[in-house]
Structure formats: C-alpha cells, structure tokens
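Protein chains get the first letters and strands the later ones, always in sequence-line order, with residue 1 at the start of each. Source: prediction; values computed, not measured.
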Amino acid sequence: MQLSEQEIVRREKLAKLREMGIDPYPAALYPVDHSTKQIKADFKEGKKVNIAGRLTSRRIQGKASFAEVQDSEGRIQVYFNRDEICTGDDKTLYNEVYKKLLDIGDIIGIEGELFKTQVGEMTVKVTNFTLLTKTLRPLPFAKTDADGKVYDKFDDAEQRYRQRYVDLVVNPDVKNVFVKRTKLFNAMREFFNSREYFEVETPILQPIPGGAAAKPFITHHNSLDIPLYMRIANELYLKRLIVGGFDGVYEFSKNFRNEGMDRTHNPEFTAMEIYVAYKDYNWMMDFTEQLLEHCAVAVNGTTQSTFGDHTIEWKAPYPRVTMTDAIKQFTGFDITGKSEEELYAFAKAEGIEVDNTMGKGKLIDEIFGEKCEGNFIQPTFITDYPKEMSPLTKEHRDHPELTERFELMVCGKEIANAYSELNDPIDQRERFEAQLALADRGDDEAMFIDQDFLRALEYGMPPTSGLGIGMDRLIMFLTNNPSIQEVLFFPQMRPEKKLNVDLNDDEKMVYELLKKSGKVELNALKSDSGLSNKKWDKTVKGLTGKKVAKVEKTDDGLFIDLV
RNA sequence: GACUUGGUAGCUCAGCUGGUAGAGCAUCACACUUUUAAUGUGAGGGUCCUGGGUUCGAACCCCAGCCAAGUCACCA
C-alpha cells in the first residue's frame, strides 16, 4: 500500500504512543456528560464538564494552546495549558503527547472547566485529556475567516459521495440535510400514527414485480430455484392487507428500478405508500395537503421552503386542476372525446416525440409532460388521468374514459400519486390484460398479471384510497437540493477501480535485468533495456514507486539497485 | 446513450507558445502563556486519472479508455 507522507507520520506517532504505554484505541467507555451544544446553551463559568469529539483545529503558542473539539452537535473551543495539564515536573503529557503526537481528526475525551477568554469565546479549560481514537488519515477540515468566507472546503462531489463519512465529518451543512430527512420520516409517522394508521412491512423479494410500470432487478433463489424480482412498488401487497381487514396501512418502502441514473434517479429509492379504507381520492387530496403542511413545518419550522429560485408555499389547500383543463390551459387543445389518431396528430403537430406503440393514455401523458408539467411550481393537484395510463385506478364516477387519480406537482415535478383504488376484480383483470396488449405492442414497462392479487380482490376490498410519495424528491424540495445524491447517504456510484500493484511487462523485464546485474549505473541499464525515453521513465518510476528498486545519486553518478 | 466540462500535493486550486511541477492551508522542525483563517523562520511532500502516439523534450498537442459533474434523450 502506498502511503502519503502524512499517513506515514501518523503511523509513527501511533507507534510512539504505544511505546509510551498509551493505548490509541482504548476499550473503556468515556464518561461524557455534556455535548458542545449543552455547554453553549447553559454556560456557567467554572462548571466542570466531560466532553468527547474530534480535534478540528489547533493554535499552539508555546506553553498554551487553543483547539476546537467537534462532537455530533457542534464545536467548542478548548484551552490546553501546560501547567494546568501537567501539575508536576513531568511535562510529557503536554509537550509530547498533546503537541507532537496528537493530530487534527483524532478523537479525544476532555475533562475540564468552563471559562471565557479575553475575547469572550466560550471555552473549556482542559484539566485532563484522553486519546480515544487515533486517526491515520488527515481529515480535510475547511477554514473559515472572520468574514465567514470558507477556504479549502471539501466539495468534490465524487469524493463526497464515495466517502460520505468524511463529507459528514467536515461539512456540517451536509449532515443537516440528513437530520432533516429523518425529521421528515418522523413527522410522517407521527401524522399517520396519530390517526391510528398501521405501519407494516411487505416483501422486497417478489415473484411478480407489480404496482408500477418499471423495469425490475432480477435475482434468483437457490432453494426454490425460481427467479425473484426486487420490488418496484409495494402497492399490491398493501392492498392485500386492506382486503385482510386493516383500515389504514402504510409502509416506507425501499424500491428498486433497473433504469437510468441521473440527478433525480437512483436505482434504489424510498417511497411512502398509504392505503385507507372507505375513502376516495377527494378525501386523499385533503389528507395529502394537511400531511405536507405538517411535514414542512416539522422539517423547516415554517410552511415555506426555498428551491432554487422558487419559494414553495406548503400551506394547505392546494389548487386542483384536471389534466384536461391543464392541457387546455397550456395548449388550447381539448382532449375530451378525441380518438387516438387525433391525439397522435396533435402531438406530432406540437413537435412532441411520439410513436405508434403509444396508446391514447400515453399520448395524453406525453402532451401533458411536454407542455404542462413544468408550469406547476407551487403544489398543485393534477386530477383525472386517462384510464389507459392508470391500470390500478377506479374509473371516474362521471367520465368513463378517465380515472379517479391525482398527482401532486411541485416545481414541475411529480412528488405524489394517488387513486381511488380499483376494487372491481373483473375490471382489474381486464385492465391487466390491456397492459399485456400494450406489452405485445412493445411497451416494455407494461405490468404483469398478478393472479394472487386478483384472487384477493375477488374476496372483496372495501373502497379505498391510496397515496404514494417519493420521499427522496420531497426531501430534495424541502432542503433545496437539486440532486438526489445529496439526500441519500450512499448514492449508487460506479465502483472505484483498484490500483494495479503488480508489475507490468516492462517493469518485469527491467527487474530481471537488474537482478542479473545488481547495482548498476542508471544510463547503462537504460540502454540495456532498449526502452524509449518515455517508457524507461515510466518503468523506473513504476519500480521505485512500488518499492522494488531504488535510485541513488552519488558523486560517481546515478545508480539503480533492487531494494 | 449523445454532447459539454473537469481529473495536478492530504484539501482548495494555478500552471503562459511544449522546455527542471507551483501557491495557500495542512504536515514536519524551531520560537511563542488568552488565540481564533494565530504568528514568525525553515524544511519535506507529486503515478500531473490510465494506456498509447507525435517530439530532442508532454501536465500541456493527438488517439483510445476510465471516473465524475452538467445538459439533453430515455425513464417516474
């Protein structure tokens, strides 16, 4: 393994500590009794505290030193004074251990008492300290000047995502996004639980991937010797539970879709789905806007949030616009009663990319997606989707071509999708069959037929309304992050390629020559090798870099030898 | 999948027309008892993403590839 200079220095310090009888990774608990936040909130001069955290900066001035310690809630300044820490004649703990063997990033425990410096900074005067964990790699803490300007912020997206642990340690704003994420989940649970809806878990490995139109990941179960799919949605399982007699069930479900990745799509993502018996989609719209107002306040303390240039107002109620009206509003075209041919011709004329695998529903969806979707910035319910696009949704009570479905649009993106759930088992079977016909026509996302789900419906599901919310997207809007990777702890990345430590062919050849010759003058070996200047240079650098050979400069010239 | 941009020290970045690889912070050494981007002096630290090519000579030019970000396409 190639170590940088700083890593080598830290390993040497580690060994030195052990020689001195200091365990750099002690087993015993450290009796923390204050967080940095508690100290600042309830500051009393002279109060004794025990804190623990990482050393994030140091300002050493001879016999005294200021440093900062960061725990999970923030930072506080600590003051190390040689004669306070080392009351006797032996000044080793300060001079050696603190000044020379500790590094920025190390995790230490501090026993001390509170005071304010001449400048008024709340500070812990250290009376004793304990090394709790030595860190072997330098952590890239940023520095902030008096004007609040940040220097050397660790902000390369690739490095931050690949090493999220580093990102979290050094970028408090990043950590805050994830704190808010969890607040969002907690707020939703609280909202549902207070209404006595029941949190459940349903299978992630499914024999039939249902409940959405998407490409699944496929895996294989060895004992059963069958293919299994990772779920693309949990809808059909939750509805089975409504059949089973629960009045309201919900689940935060990790879903998996084997599709493209970009700043709004990760192969695994989290949805929340809730189903409530004896309700319809009108009720669900009221419920949704109350839910989101509640969540916005729980996360940000206010009903408003900022996303890019937009200020989003989450306060209920939200406007409700039918899809037909939305299309009429933005294109002037009335889709009511139009045939597939007429819709196709209109889409074509508007310059929308369409092809003949598309049925009526998909054409309407394309027109809406192209011409309308992006215009809805403030939370808006778009209602009454075409039947063909909604195979799990009850037919609209007044318009047989439409369904009782809504999507909630925010900043031109869908964040929620809800129906009056289709509970007519015969209609449901026909809708699945229509999906099969679409699949035959070339739509590779059309749904499979889930016979067991149909059997469940045949036993009778009460009228039910269901809602799905894309949790990742919602938290993006609530934390002003345009990229899904910023709201996932560990977004999917291509694996890092491992460095090749084996010798390549040229290096092997030179290695053999060197083995025969022993220590030899550099240029002589170069001509023996027959390599070009560039290849020679690469090869020798490769060998020395891998600690196989070494180059020495003496008065007689440059020599190379095996290590 | 297409296009654009980027990949140089632990971090953030500079690097001219192709001519010995730079800065700040970090690290190391010395000084320094209330600092706060501490300060002063000195030192060390590099697979310039990888592999080819052009050239006397490549971080830089050319070709191929890898990784990422952004835009678009596809897609909830």
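- As judged by a 4.0 angstrom heavy-atom cut-off over every strand, A:Y79 is placed among the base-contacting residues.
- Residue A:Q6 places its side chain closer to B:rU27 than to any other of B:rU34, B:rU27, B:rU33.
- Close placement of the A:F80 and A:F129 rings is indicated, their centers lying within 6.0 Å of each other.
- In this structure, CG of A:N266 is placed 11 Å from P of B:rA69, rounded to the nearest angstrom.
- Between A:Q485 and the phosphate of B:rA68, there is no side-chain N or O to OP1/OP2 separation shorter than 4.0 Å.
- With B:rG44, B:rC75, B:rU35 as the candidates, the nucleotide lying closest to the side chain of A:E5 is B:rG44.
- For the P atoms, the distance linking B:rA58 with B:rC74 amounts to 46 Å, nearest Å.
- Regarding contacts with the backbone of B:rC11, a side-chain N or O of A:Q159 is found under 4.0 angstrom from either OP1 or OP2.
- Within the 4.0 angstrom heavy-atom criterion, no nucleotide atom of any strand lies near A:K125.
- Classification of the A:F406-A:F381 ring pair by plane angle, with boundaries at 30° and 60°, yields perpendicular.
- Cation-pi geometry between A:R405 and A:Y385 is met: the NZ or CZ atom falls under 6.0 Å from the ring centre, inside 45° of the normal.
- Both distances falling under 3.5 Å, in either a Watson-Crick or a G-U wobble arrangement, place B:rA23 opposite B:rU12.
- In this structure, A:K153 fails the cation-pi test against A:F141, since its NZ or CZ atom is not both closer than 6.0 Å to the six-membered ring centre and inside 45 degrees of the ring normal.
- Residue contacts shown for A:V150 are absent, as no nucleic acid heavy atom lies under 4.0 Å away.
- Taking atom C1' in both B:rU33 and B:rU27, the straight-line distance is 25 Å, to the nearest Å.
- If you check every strand for non-hydrogen atoms under 4.0 Å, A:Y151 touches a base.
- B:rU54 is unpaired under the criterion used here, namely a Watson-Crick or G-U wobble arrangement in which both key atom distances are under 3.5 Å.
- Regarding contacts with the backbone of B:rA38, a side-chain N or O of A:R59 is found under 4.0 angstrom from either OP1 or OP2.
- For A:D83, whose side chain is taken as the heavy atoms from C-beta onward, the closest listed nucleotide among B:rG10, B:rC11, B:rU33 is B:rU33.
- With a cut-off of 3.5 Å on both Watson-Crick or G-U wobble distances, the partner of B:rG42 is given as B:rC28.
- For the pair A:E414 CD and B:rC75 C1', the interatomic distance rounds to 12 Å; values are reported in whole Å.
- Taking 4.0 angstrom as the limit, A:R494 places none of its side-chain polar atoms (N or O) nearer than this to OP1 or OP2 of B:rC66.
- Listed candidates were B:rC32, B:rC28, B:rU35. Nearest to the side chain of A:V9 is B:rC28.
- Between A:E113 and A:K47, no side-chain nitrogen of the basic residue sits less than 4.0 Å from a carboxylate oxygen of the acidic one, so the salt-bridge criterion is not met.
- You won't find any donor-acceptor pair under 3.5 Å spanning the side chain of A:Q61 and the base of B:rU35, going by distance alone.
- A:R263 has a side-chain polar atom (N or O) that falls below the 4.0 Å cut-off from OP1 or OP2 of B:rU71.
- Distance, A:D145 CG to B:rU12 P: 18 Å, rounded to whole Å.
- Aromatic rings from A:Y419 and A:Y281 are positioned such that their centres are separated by 6.0 Å or more.
- Comparing B:rG1 with B:rU17, their P atoms sit 36 Å apart, to the nearest whole Å.
- Residue A:R257 is in sugar-phosphate contact alone, with no base atom involved, counting any heavy-atom pair closer than 4.0 Å across all strands shown.
- B:rU20 and B:rC60 have their C1' atoms separated by 15 Å, with the value rounded to a whole Å.
- When heavy atoms are screened at a 4.0 angstrom cut-off, A:K153 is found touching the sugar-phosphate backbone but no base atom.
- Residue side chain A:Q77 reaches the base of B:rU35 through a donor-acceptor N/O pair under 3.5 Å, judged by distance alone.
- Residue A:R137 places none of its side-chain N or O atoms closer than 4.0 Å to OP1 or OP2 of B:rG10.
- Candidate nucleotides B:rU12, B:rA26, B:rU36 were compared by shortest atom distance to the side chain of A:I104, and B:rA26 ranks first.
- Both distances falling under 3.5 Å, in either a Watson-Crick or a G-U wobble arrangement, occur for no nucleotide opposite B:rC60.
- Residue A:K100 places at least one side-chain N or O closer than 4.0 Å to OP1 or OP2 of B:rC30.
- With contacts defined as side-chain heavy-atom distances shorter than 4.5 Å, the pair A:F66/A:R58 does not qualify.
- Distance from the side chain of A:D103 is smallest to B:rU27 among B:rU35, B:rC74, B:rU27.
- Under the Watson-Crick or G-U wobble criterion, with both distances below 3.5 Å, B:rC48 is left unpaired in every strand shown.
- Comparing the C1' positions of B:rU12 and B:rG6 gives an interatomic distance of 15 Å, to the nearest angstrom.
- Residues A:F185 and A:F252 place their aromatic rings such that the two centres sit under 6.0 Å apart.
- Ring centers of A:Y79 and A:F115: under 6.0 Å apart, within the cut-off.
- At a threshold of 4.0 angstrom between heavy atoms, the contacts of A:R162 are confined to the sugar-phosphate backbone, with no base atom among them.
- Here the separation of B:rG51 from B:rG45, taken at their P atoms, is 23 Å to the nearest Å.
- Out of B:rA73, B:rC75, B:rU34, the shortest distance to the side chain of A:F115 is found at B:rU34.
- Considering only side-chain atoms of A:E259, the nucleotide from B:rU12, B:rC75, B:rC67 that sits closest is B:rC75.
- Look at B:rU35: it lacks any Watson-Crick or wobble partner with both distances under 3.5 angstrom.
- The shortest distance between the side-chain N/O atoms of A:K143 and the OP1/OP2 oxygens of B:rA26 is below 4.0 Å.
- Atom CZ of A:R82 is separated from atom C1' of B:rU33 by 9 Å (rounded to the nearest Å).
- A:I60 comes within 4.0 angstrom of a nucleotide base, judged by non-hydrogen atoms across all strands.
- Protein atom CD of A:Q163 is 14 Å distant from nucleotide atom C1' of B:rC67, rounded to whole Å.
- Counting any heavy atom pair closer than 4.0 Å across all strands shown, A:Y161 reaches sugar-phosphate atoms only and no base atom.
- Comparing the P positions of B:rG10 and B:rC48 gives an interatomic distance of 12 Å, to the nearest angstrom.
- Between the NE2 atom of A:H265 and the C1' atom of B:rA69 there is a distance of 18 Å, given to the nearest Å.
- Here A:D156 lies in heavy-atom contact (under 4.0 Å) with sugar-phosphate atoms only.
- With a cut-off of 3.5 Å on both pairing distances, the Watson-Crick or G-U wobble partner of B:rU4 is B:rA69.
- B:rU27 atom P lies 14 Å from atom NZ of A:K99, rounded to whole Å.
- For A:Q70 and A:R75, the side-chain atoms include at least one donor-acceptor pair closer than 3.5 Å.
- One interatomic measurement links the two molecules: CZ of A:F66 to C1' of B:rC32, which rounds to 13 Å at whole-angstrom precision.
- Considering only the side chain of A:D152, B:rG24 comes nearest among B:rG24, B:rU27, B:rA68.
- Side-chain atoms of A:T117 lie closest to B:rU34 of the nucleotides B:rC74, B:rC75, B:rU34.
- Between the C1' atoms of B:rU39 and B:rU34, the separation comes to 15 Å (whole Å).
- With a cut-off of 3.5 Å on both pairing distances, B:rC75 has no Watson-Crick or G-U wobble partner at all.
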